[in-house]
Amino acid sequence: MAYEHASIERRWQEYWDAHQCHTPDLDRARRPFYALMMFPYPSAEGLHVGNVFAFTGVDIQARFQRHRGYDVFEPIGFDAFGIHSENYAMKVGTHPMRLIPNNVANFRRQLRQMGLMVDWSREVSTTEPNYYRWTQWIFLKLYERGLAYRGKAPVNWCPKCATVIADEQVIDGMCERHPDTRVEKKVMEQWFFRITDYAQELLDHLGWIDWSDIVRRAQINWIGRSEGALLRFPVEPGSSSAGAADGPIEVFTTRPDTVFGATYMVLAPEHPRVDALVTPEKRAEVEAYREATRRKDSIERMDLSREKTGVWIGAHAINPATSQPIPIWISDYVLMGYGTGAIMAVPAHDERDHEFARKFALPIVEVLERPADAPPEGAFTSAGKMQNSGPFDGLESEAAKAKITAWLGERGLGEPRVQFRLRDWCISRQRYWGPPIPMIHCDVCGIVPVPESDLPVLLPELEDFRPEGSGQSPLARVEAFHRVACPKCGGAARRDTDVSDNFLDSAWYFLRYPSANDDQHAWDPERTKRWFPVDSYIGGREHSVLHLMYTRFLCLAFRDMGLLPPDPEFKGEPFKRFRAHGLLIKDGDKMSKSRGNVVIPDRYVEEYGADTFRMFLMFLGPYELGGDFRDSGIVGIRRFLERVHRWCTEELPGYPEGPLPREAEVKLHQTIKKVTVDLETLGYNTAIAALMECHNQIRPAAVRNRFAAESFVVMLSPFAPHLAEELWASLGHAPTVEDAPWPVFDPALTVEETVEIAVQVNGKMRDAIAISRDAEEAEVRDAALAREKVRSQTAGKELRKVIYVKNRLINLIVS
RNA sequence: GCCGGAGUGGUGGAAUGGCAGACACGCGGGACUCAAAAUCCCGUACGAGCGAUCGUGUGUGGGUUCGAGUCCCACCUCCGGUACCA
């Protein structure tokens, strides 16, 4: 009987559904294991093989744990809010409310045909009111806690998206979604979440959480902690009468040791003090520069090769160390968004300041001795011995940092300071396709949250949902939505017409899954206690800093609000283990819609079956590195599964029952060991290779051995679940193979009785000898020396030394 | 610039410092067949040789070691991330 994948896969998918095989009892599970895959973003093109690659890796993990006796919960949902969907809807001219259900249905069909062990009874969808009411509820909770605030800030504005986008969505100054569109700066009033309150804790936890190293590093860099000092530079009295009265200008520096070399200061053009500090005769020039900066888009501003520009604003500050007046400049190389938006410029010891000073002929004072081996020109940016620094001359600069900070501190001119690169999370989006922000603006009462009992704030159906480009959300055009009575005073008020960032939708979805059908809570406390944190989360490294950081932040905040149980072990971290999988490469390029090289799985599933396709994707390369997708190899997997099928269903019944030959038995036990380890470490490609090797060896033995056949089928099951069910039944078992325990190997049977030992002469391979296991050196040496090939190499020479690695190799050193 | 990752046969890729190329694809040969497909078997890094065999070989150049794809140093190339962060 041929391997007919279509009927086999249909049969078992129907069986799983009919018997609810993948719907664990969430309240009574004794050994819960939460296997999470990343929320798919259903697009019209449907699922592509990149998604399948990702999900299959999760499913294999889930099935493996199920065989190990865990109650596995593997949920899925759809993340269909957001700018991607909205832009696509505009492109095809269909309303997202009508478009999304079709896309989701198509996605669901494709996912089902892959044979994932997904609990379809707990599917969630971010665009459903019963989901986004809780997204809005989270907003309210953060607001209550003081973690949501309204701020005016220069934000990234994409003219094509016609909305504000996050820093993280700006790629090289271009919009993430429109690589040809430069992102502009625009000052707007926005909602922010105070993720920076958690900067230190988010950083600390990265020291111990079990996550892919690459993601931990990316987050560490993103948080960007740096230690230094906050220094105060008084404005020179008289140089700017209006500006001096507002107190000193604060700067952040990591090099307080070089403060004696600060010969000028630079403020960001947007710095709020500029207006008051500028002298009348300089005002016109300064205004012109500030206007030019405003118009400059971020790509221009970030271009490092560009020559430095700037304007002296006419005023002076006092260097707090030297008490000398230094000029105050503005320049766009100082960013308002980092530190205080102002710097002390030390041209001798900072490359940027050096370049600027050269251009504008500002004084350069070296306050560190330049070692003889350092280049004589340019800024000297390393540590060194202090000079021209008054009482600190001769000190090592590293040691001087704290001393100078303390010395300035005595006069109230400085203090130690830790600065983070991480910024608060801008939540507002001036778009249509997202959950409305549940806030009301009242002229009398100010900002008033929507009462919880009024949630959800439904997103109105709006035929023309295009953004205007004015910065106003399309929702502002809907009078019935916009105008509302103030919940506090009852007077006329206005709803916030922005929607929240799509990253908020996906920052808590895994909390919703176990409580997907709960109308009373966002997440049921008892269930959450049992299923949180998530045991295994596997996803793309493109989410290293955005999704994964926001998610961690929310969970730490929920923990502090008492919305999540205290957790001394994982300290509120949502994912016990996170692993980043690799990307699929196609024709030397990463597979993506924008490159137009995506591959759709349907054709392959139809022709070869889901099992073959799953296994093929896992065989392409190391799961955590990704692989090169070329379909030429898929027949290899197909042939393998056909052989296994034939072996189980046709050959085994005719074979005599009996033990495997020793060699095959050893191979079997070695394979169990190897596959077990490989599944734990996501080494799927080598696990498959090991199964093939094993099969190639036990099949020719031509015996019917229960343990061998059953072990093999169970090990195959995470990769090829439908076929494994079929074979499990053919071996005489009742369904389902998922309940079969993972095979256990006998360590004594993982080692051969005789081993082949490599023989080297002077480090060069010359021969190999078979000898009994754990043989003593003398025995191996004598055997080696007796070999013809060895003799020809050692003839007439003296044996100087023997290096023997048991069961591996012997190296004879002769002279 | 900085931080990661990767460079191994015709191809995808294997290799706790110990026989480089497992496992596959492809290719060559054979069996079966009237023939083909499918299947099965054998071979397949490169060079020299009829051959046994010998030599060379994991991006480049050095080094450590009895022994290096693996460790160290200095480079080159590709991919990803990030960037006037003071």
Side-chain angles (χ1 to χ4, degrees), chain A residues 2 168 171-173 212-218 220-222 224-226 228 251-255 258 266 268 301-306 308 331-335 337-346 349-353 355-356 419-423 541-542 544-545 582-583 585 588-590 616 619-622 624-637 639-640 642-643 646 683 685-696 756-769 788-789 792 800-814:
Chain A
E168 301 90 303
I171 313 291
D172 290 333
S212 291
D213 215 44
I214 187 167
V215 175
R216 288 179 29 222
R217 279 174 200 279
I220 289 167
N221 289 340
W222 195 260
R225 183 185 200 272
S226 57
V251 304
F252 172 71
T253 179
T254 54
R255 296 297 300 271
T258 63
V266 187
R301 194 160 169 180
M302 283 193 316
D303 180 5
L304 271 90
S305 58
R306 192 169 58 86
K308 297 251 181 304
S331 172
D332 60 10
Y333 84 91
V334 174
L335 307 175
Y338 184 75
T340 62
I343 61 156
M344 64 176 204
V346 185
H349 306 292
D350 180 281
E351 280 171 24
R352 297 153 299 183
D353 298 344
E355 191 193 331
F356 192 83
Q419 183 69 42
F420 294 95
R421 206 189 76 118
L422 183 73
R423 321 259 178 95
R541 60 189 59 167
E542 66 271 22
S544 294
V545 282
L583 277 180
I585 301 296
D589 224 343
K590 80 173 180 190
F616 168 63
F619 193 59
L620 284 177
E624 289 177 273
L625 291 182
D628 192 357
F629 185 90
R630 46 185 68 216
D631 51 19
S632 59
I634 194 168
V635 293
I637 299 289
R639 285 177 200 153
F640 169 67
E642 281 173 6
R643 283 196 295 271
R646 204 176 319 129
N685 58 331
T686 49
I688 293 168
L691 285 172
M692 289 173 165
E693 279 185 65
C694 180
H695 182 70
N696 290 344
E756 206 171 64
I757 290 181
V759 181
Q760 296 183 341
V761 178
N762 287 343
K764 275 196 169 276
M765 274 300 306
R766 293 299 170 185
D767 204 356
I769 53 176
E788 182 54 39
K789 287 179 191 170
S792 69
R800 286 288 177 97
K801 192 175 173 186
V802 176
I803 288 136
Y804 176 55
V805 182
K806 211 177 221 181
N807 302 324
R808 280 270 183 187
L809 164 145
I810 187 160
N811 189 3
L812 307 168
I813 311 301
V814 295

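Convention: sequence-line order gives letters A, B, ...; per-chain numbering from 1.
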Mind checking the [atom1] distance from [N] to [M]? Whole angstroms is fine.
N: B:U64; M: B:G17; atom1: C1'; result: 12 Å
N: B:G55; M: B:C42; atom1: C1'; result: 27 Å
N: B:A6; M: B:G69; atom1: C1'; result: 13 Å
N: B:U8; M: B:G59; atom1: C1'; result: 10 Å
N: B:A22; M: B:A83; atom1: P; result: 44 Å

Side chain of [X]: nearest nucleotide among [options]?
X: A:Trp222; options: B:G18, B:G12, B:U82; value: B:U82
X: A:Leu335; options: B:G12, B:A22, B:C85; value: B:C85
X: A:Asn685; options: B:U82, B:G13, B:C23; value: B:G13
X: A:Tyr338; options: B:C84, B:U53, B:C85; value: B:C85
X: A:Phe619; options: B:G12, B:U82, B:U39; value: B:G12
X: A:Lys764; options: B:C25, B:A24, B:U56; value: B:U56
X: A:Thr686; options: B:A15, B:C84, B:C23; value: B:A15
X: A:Glu693; options: B:G26, B:C23, B:A86; value: B:C23
X: A:Lys789; options: B:C85, B:U53, B:G18; value: B:U53
X: A:Leu625; options: B:G5, B:A86, B:C19; value: B:G5

Nucleotide paired to [N] in any strand shown, Watson-Crick or G-U, under 3.5 Å:
N: B:G9; result: none
N: B:A86; result: none
N: B:U39; result: B:A31
N: B:G57; result: none

Quiz prompt | Cation-pi check, A:Lys308 onto A:Tyr333 ring (under 6.0 Å, within 45° of axis) | solution = yes

To the nearest Å, give me how far apart [atom1] ([X]) and [atom2] ([N]) are.
X: A:Leu691; N: B:A24; atom1: CG; atom2: C1'; result: 14 Å
X: A:Tyr333; N: B:A83; atom1: OH; atom2: C1'; result: 16 Å
X: A:Phe616; N: B:C23; atom1: CZ; atom2: P; result: 19 Å
X: A:Asp350; N: B:C85; atom1: CG; atom2: C1'; result: 11 Å
X: A:Met692; N: B:G13; atom1: CE; atom2: P; result: 15 Å
X: A:Ile637; N: B:G13; atom1: CD1; atom2: C1'; result: 12 Å
X: A:Arg766; N: B:A52; atom1: CZ; atom2: P; result: 16 Å
X: A:Ile688; N: B:G12; atom1: CD1; atom2: P; result: 18 Å

Practice problem: Map A:Met344 and A:Gly626 onto RNA chain B by nearest heavy atom, then report which one ends up closer to the 5' terminus. | Solution: A:Gly626

Exercise. With RNA chain B as reference, determine whether A:Ile585 or A:Gly341 sits nearer its 5' end, using the nearest nucleotide of each.
Key: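 This one resolves to A:Ile585.
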
Quiz prompt | side chain to side chain contact (heavy atoms under 4.5 Å, CB included) assessment of A:Lys764 paired with A:Arg766 | solution = CA-CA 6 Å; A:Lys764 275 196 169 276; A:Arg766 293 299 170 185; 3.3 Å; yes

Compare all side-chain heavy atoms of [X] with those of [Y] and state whether any distance is below 4.5 angstrom.
X: A:Phe629; Y: A:Phe616; answer: yes
X: A:Asn762; Y: A:Val814; answer: yes
X: A:Val802; Y: A:Ile810; answer: yes
X: A:Tyr804; Y: A:Ile757; answer: yes

Quiz item: Counting only distance, no hydrogens or angles, is the base of B:C19 paired donor-acceptor with the side chain of A:Glu756 under 3.5 Å?
Solution: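 By the distance-only test, yes, there is a pair.
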
Quiz item: Is there a donor and acceptor pair, one atom on the side chain of A:Gln760 and one on the base of B:G18, closer than 3.5 Å?
Solution: yes

Self-check item: OP1 or OP2 of B:A24 under 4.0 Å from side-chain N/O of A:Asn696
Solution: yes

Quiz item: For B:C25, does either OP1 or OP2 sit under 4.0 Å from a side-chain N or O belonging to A:Arg639?
Solution: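 It does, given that an N or O in the side chain of A:Arg639 lies less than 4.0 Å from OP1 or OP2 of B:C25.
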
Quiz item: More than 12 non-hydrogen atoms from neighbouring residues, nucleotides or ligands closer than 6.0 Å to CD on A:Glu542, yes or no?
Solution: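 Atom CD in A:Glu542 is packed in, count exceeds 12.
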
Practice problem: Could you tell me whether B:G9 is syn or anti, where syn means a glycosidic angle within 90 degrees of zero? | Solution: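 For B:G9, whose glycosidic angle is within 90° of 0, the conformation is syn.
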
Quiz item: Looking for any heavy atom pair under 4.0 Å, which part of the strands does A:Arg216 touch: base, sugar-phosphate only, or nothing?
Solution: nothing

Quiz item: Looking only at atom types and distance, does a side-chain atom of A:Arg352 sit under 3.5 Å from a main-chain N or O of A:Ala345, one as donor and one as acceptor?
Solution: no

